[in-house]
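Down below is the structure, laid out as C-alpha cells.
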Amino acid sequence: MNAPFELGPIRPVDESGSLLIRTTRGCPWNRCEFCVNYKDMAFSMRSLEEIKLDIVAAAKYYGDEPFTTCFLQDGDSFLMKTDDLVAILNLLKQTFPQLKRISSYGRAQSMIRKSSQEMQDICQAGLNKLYCGMESGSDRVLKKVNKGVNAADISTSSRRAKEAGMSISEFIILGLGGQELWEEHALETAKVLNEIDPHFIRVLTIGVKPGSGLLRQMEAGEYTLQTEKNIIEEQRLLVENLNGITSHYANHHSVDLLMELRGQFPQDKANLLAILDRYLSLEEEDRINFTLGKRIGVYHRLDDMESLHLRKQVDAQLLKIRASYSDDQLDELFHHLRAQIV
Ligand code: SF4
C-alpha cells in the first residue's frame, strides 16, 4: 500500500530506518555538474499545512512504530522560514515523542542566510543533524562543477550549525577535480575540513552519470577521469593533511573502493594511511585483481584477496575481460561499473 503522505526519491544511507517527512520537493539549485538526483523534478516548497497534514497521516499510517530518527526530505529545508521550520519540528516531536534525532540536508547556500540565533532556534526545536554536500574545499573545483557556493561559505555555514549544537556530516567526492585538479582538490578539501572539524566525514567516489554536465565536460576534454589508483593517491593526500580534527571518517558507500577505511580522528589516522598504503603498494596484477573484484562485488575489503576461492572467481572474470579490454582500458571499465551504482 502506498503511504498516504508524500515521499521524496532519496535519503542518506544512514537514514534507512528513519521516518521520512518531505518539506521541499527537489533541489532549488539543481545545477551541480555531477548531480542527477532531482534532474527532472521542478523545485517547490511545500506549504506548512501540507507538511503538517503529512505528519498526522504518517502517525496514523505507522501506528505505534517507535521512530527515534526522522529525516526531512528533499534538498533544502533551510529555504523554509525559520518560524515555519521550527513549527514543523515542534509538531514532529509532539507527534512522535520518541524522536531523538531529526536530520536534513544542509545546503550551504541557504544555511549561510540563517543567523547564529536562527540556527540555535532550529537546533533547539529538534533539527540536530545535518548532511552537508561539501564535495570539495577547492574554489576552482567548486566553480568547475557549478556548485554555486564557495569554500568560505561552506566553512562558515557548517561552523555556525556546529556551534548551534548540530551534528555535522560533511560529504566529499573523491575524483571530483579530475586529473586536472586532483592535488588541489585533496589539499583544499583537507584545509576546509580542518577548519570545520565536522563530527563525520563521509567519502563518495565520483561516478559520472549519463545526462550530467560532468559527462559533457568529459566529452569536451575539460574533465579527465582519474584511475582508481590515482583516486586512492588523492585520498591518501587528503587523509595525510587532515590535522587537528576529531571527526569520524568513513568510506561508507559501495561506490568507494576501500570500505575498510573507517576510523576516528586523530587516533585512527595512522591506520587509515596504512590501509591506503597497502592498496598503493600492491603489485600491479594484484591491484587490478582487487579493483575488479571489488567493482563486481566479489571482494568487500583487501583481506578478501587472501581467500583462494574468491581470488579464483575474480581471476576467471579477469581472463574473460582481457579478451575485450586492454590493461589501459580497464580503468574505463572500473569507472563504468561504479557509475552504475545508484
Ligand atoms: S548536489 Fe545538492 S545542491 Fe547540487 S544539484 Fe544535487 S541536490 Fe542540488
Side-chain angles (χ1 to χ4, degrees), residues 9-10 12-13 26-27 29-41 74-75 105 107 131-149 154 170-186 188-189 202-238 251-259 261 279 287-288 290-297 321 324-342:
I10 57 171
V13 176
C27 166
W29 179 247
N30 218 3
R31 281 180 252 170
C32 295
E33 293 280 77
F34 55 88
C35 176
V36 292
N37 285 344
Y38 305 108
K39 195 171 178 294
D40 298 320
M41 189 188 295
D74 294 354
Y105 289 123
R107 239 181 105 246
Y131 297 95
C132 303
M134 167 183 170
E135 335 295 8
S136 177
S138 153
D139 278 336
R140 282 208 294 171
V141 174
L142 291 168
K143 192 161 181 223
K144 197 170 168 190
V145 300
N146 201 21
K147 184 70 191 171
V149 69
I154 289 173
E170 294 286 350
F171 282 77
I172 57 158
I173 305 181
L174 297 173
L176 198 59
Q179 286 184 25
E180 294 81 6
L181 293 171
W182 73 270
E183 282 170 293
E184 175 174 327
H185 176 46
E188 296 294 302
T189 301
R202 294 294 179 250
V203 172
L204 299 168
T205 305
I206 191 70
V208 180
K209 302 283 184 196
S212 68
L214 208 52
L215 183 62
R216 281 192 299 278
Q217 286 192 23
M218 216 164 98
E219 288 165 352
E222 295 159 8
Y223 170 85
T224 315
L225 274 174
Q226 296 156 255
T227 62
E228 294 267 13
K229 185 180 179 195
N230 186 209
I231 290 175
I232 296 300
E233 285 165 342
E234 173 186 310
Q235 185 163 200
R236 197 199 185 285
L237 188 62
L238 168 82
N251 286 222
H252 79 149
H253 194 285
S254 42
V255 289
D256 298 323
L257 188 62
L258 301 175
M259 299 297 282
L261 282 169
Y279 175 83
R287 190 182 54 69
I288 290 173
F290 175 76
T291 309
L292 177 68
K294 172 64 172 61
R295 291 300 175 214
I296 59 176
I321 284 166
S324 321
Y325 289 83
S326 70
D327 276 12
D328 288 348
Q329 293 170 320
L330 283 176
D331 265 292
E332 240 172 78
L333 173 70
F334 297 152
H335 169 256
H336 177 74
L337 291 171
R338 70 173 189 265
Q340 307 296 309
I341 301 168
V342 178

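Counting from 1, the numbers follow the sequence of the chain as shown. Computed over heavy atoms, backbone and side chain alike; hydrogens, waters and symmetry mates excluded.
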Mark yes or no for whether [X], through its side chain, and [Y], through its backbone, hold a donor-acceptor pair below 3.5 Å.
X: Lys147; Y: Gly133; value: yes
X: Asp331; Y: Gln226; value: no
X: Lys294; Y: Asp256; value: yes
X: Arg338; Y: Ile206; value: yes
X: Lys209; Y: Phe34; value: no
X: Asn230; Y: Gln179; value: no
X: Gln340; Y: His336; value: yes
X: His253; Y: Thr205; value: no
X: His335; Y: Val208; value: yes

Rounded to the nearest 0.5 Å, how far does [atom2] of [Y] lie from [atom1] of [X]?
X: Asp328; Y: Thr227; atom1: CG; atom2: OG1; result: 11.0 Å
X: Tyr38; Y: Asn30; atom1: OH; atom2: CG; result: 9.0 Å
X: Leu215; Y: Glu219; atom1: CG; atom2: CD; result: 4.0 Å
X: Thr189; Y: Ile172; atom1: OG1; atom2: CD1; result: 6.0 Å
X: Glu135; Y: Phe171; atom1: CD; atom2: CZ; result: 9.5 Å
X: Glu184; Y: Arg140; atom1: CD; atom2: CZ; result: 4.0 Å

- Any residue meeting side-chain contact (heavy atoms from CB on, under 4.5 Å) with Glu222, in chain and number order, not counting sequence neighbours: Gln217, Ala220
Do [X] and [Y] have side chains that get closer than 4.5 Å, going by heavy atoms?
X: Glu233; Y: Leu237; result: no
X: Leu181; Y: Lys144; result: yes
X: Ile232; Y: Leu257; result: yes
X: Pro9; Y: Met41; result: yes
X: Ile231; Y: Trp182; result: no
X: Val203; Y: Leu261; result: no
X: Val13; Y: Arg202; result: no
X: Val149; Y: Ile154; result: yes

- Item | Heavy atoms from other residues, nucleotides or ligands near CD of Glu332 exceed 12 (cutoff 6.0 Å) | no
- Derivation and outcome, side-chain hydrogen bond (donor to acceptor under 3.5 Å, both in side chains), residues Thr224 and Glu180: CA-CA 7 Å; Thr224 315; Glu180 294 81 6; 2.5 Å; yes
- Message: Checking Leu330 against Ile321 for the side chain to side chain contact (heavy atoms under 4.5 Å, CB included) test, could you report, in this order, the C-alpha distance in whole Å, the side-chain angles of both residues, the deciding distance, and whether it holds?
- Response: CA-CA 9 Å; Leu330 283 176; Ile321 284 166; 3.7 Å; yes
- Task: List the atom of Glu228, the atom of Tyr279, and the distance in Å for their closest heavy-atom pair.
- Result: CB-OH, 4.1 Å
- Report the residues that fulfil ring pair (Phe, Tyr, Trp, His ring centres under 6.0 Å) with Phe290, sequence neighbours left out, ordered by chain and then residue number. Tyr299
- Could you check Val36 against Ser212 for side chain to side chain contact (heavy atoms under 4.5 Å, CB included), going step by step and ending with a plain yes or no? CA-CA 6 Å; Val36 292; Ser212 68; 4.0 Å; yes
- Parallel, tilted or perpendicular: which fits the ring planes of Tyr131 and Tyr105, with parallel below 30° and perpendicular above 60°? perpendicular
